[in-house]
Amino acid sequence: TFFFLAPTGFIGRALALRLQRRGHAVLAWARSPHRARAQLGEDVTLLSIEAGHQELADVLSQFEAVINLAGEPLFGKRRTPGRKRAIVESGVALTSRLVGGMRRAERPPKILISDSAGDYDGDR
């Protein structure tokens with residue numbers, strides 16, 4: 001079973017759907033549960049990013065692995081100094097909350113896979 005942060009991005013959406021097809025339970029911790037539902041379907045359990053610390057810790061106790069792909073989207077936007085700062089802050093803040101939740105969990109997940117601000121520039 002997987003707890004998934006940022007499942008609606010380019011890579012996250014494909015990975016969440018693949019995990020589902022392979023029979024894994026997926027819970028998405030999403031900024032926009034409505035958007036996540038539309039993109040991932042009815043079989044994914046959703047938790048709003050607005051959930052409190054204890055609710056997050058309780059949910060994390062139910063999962064074996066966490067996949068964290070949090071961060072500002074990179075595609076199609078110029079990387080100005082302000083944009084770069086937003087990219088770093090978005091990944092750091094959410095990852096910090098996630099790790100705090102894992103520390104408070106009664107039975108923390110055994111695996112954490114984390115990548116923030118991943119990008120794909122094609123084959124050029």
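- Across all their heavy atoms, Arg31 and Ile49 have their closest contact at CA-CG2, 3.8 Å.
- Annotation: side chain of Leu60 is in contact with side chain of Leu98 (closest heavy-atom distance under 4.5 Å).
- Annotation: side chain of Ile67 is in contact with side chain of Leu19 (closest heavy-atom distance under 4.5 Å).
- Side chains of Val66 and Ile113 form no contact here, defined as non-hydrogen atoms less than 4.5 Å apart.
- In terms of the side-chain contact (heavy atoms from CB on, under 4.5 Å) criterion, Ala93 has no residue partners (sequence neighbours excluded).
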Listing, residues 100-109 side-chain donor-acceptor contacts under 3.5 Å, not counting sequence neighbours, or none:
from: Arg104; atom 1: NH1; to: Gly100; atom 2: O; distance (Å): 3.3
from: Arg104; atom 1: NH2; to: His53; atom 2: ND1; distance (Å): 3.1
from: Arg107; atom 1: NE; to: Ser61; atom 2: O; distance (Å): 3.3
from: Arg107; atom 1: NH2; to: Ser61; atom 2: O; distance (Å): 2.9

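- A distance-only check finds a donor-acceptor pair linking the side chain of Arg37 to the backbone of Gly41 [under 3.5 Å].
- No side-chain heavy atom of Ile111 sits less than 4.5 Å from a side-chain heavy atom of Glu64.
- Residues satisfying the side-chain contact (heavy atoms from CB on, under 4.5 Å) criterion with Pro33, sequence neighbours excluded, are Leu46, Ser48.
- For the atom pair CD of Gln39 and CZ of Arg13, the computed distance is 4.5 Å after rounding to the nearest 0.5 Å.
- Atom-to-atom distance recorded for Asp58:CG and Leu47:CG is 10.5 Å, nearest 0.5 angstrom.
- To the nearest 0.5 Å, atom CG of residue Leu69 and atom CD1 of residue Ile11 are 7.0 Å apart.
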*For Trp29 and Asn68, what are the C-alpha separation, side-chain angles and deciding distance, and is it a side chain to side chain contact (heavy atoms under 4.5 Å, CB included)?*
CA-CA 9 Å; Trp29 192 36; Asn68 174 22; over 6 Å; no
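- Atoms CD and OG1, from Glu42 and Thr45 in turn, are 10.5 Å apart once rounded to the nearest 0.5 Å.
- Put simply, the side chain of Arg21 never gets that close to the backbone of Ala16: no donor and acceptor are under 3.5 Å apart.
- Note that CZ of Phe63 and NZ of Lys110 are 14.5 Å apart. Values are rounded to the nearest 0.5 Å.
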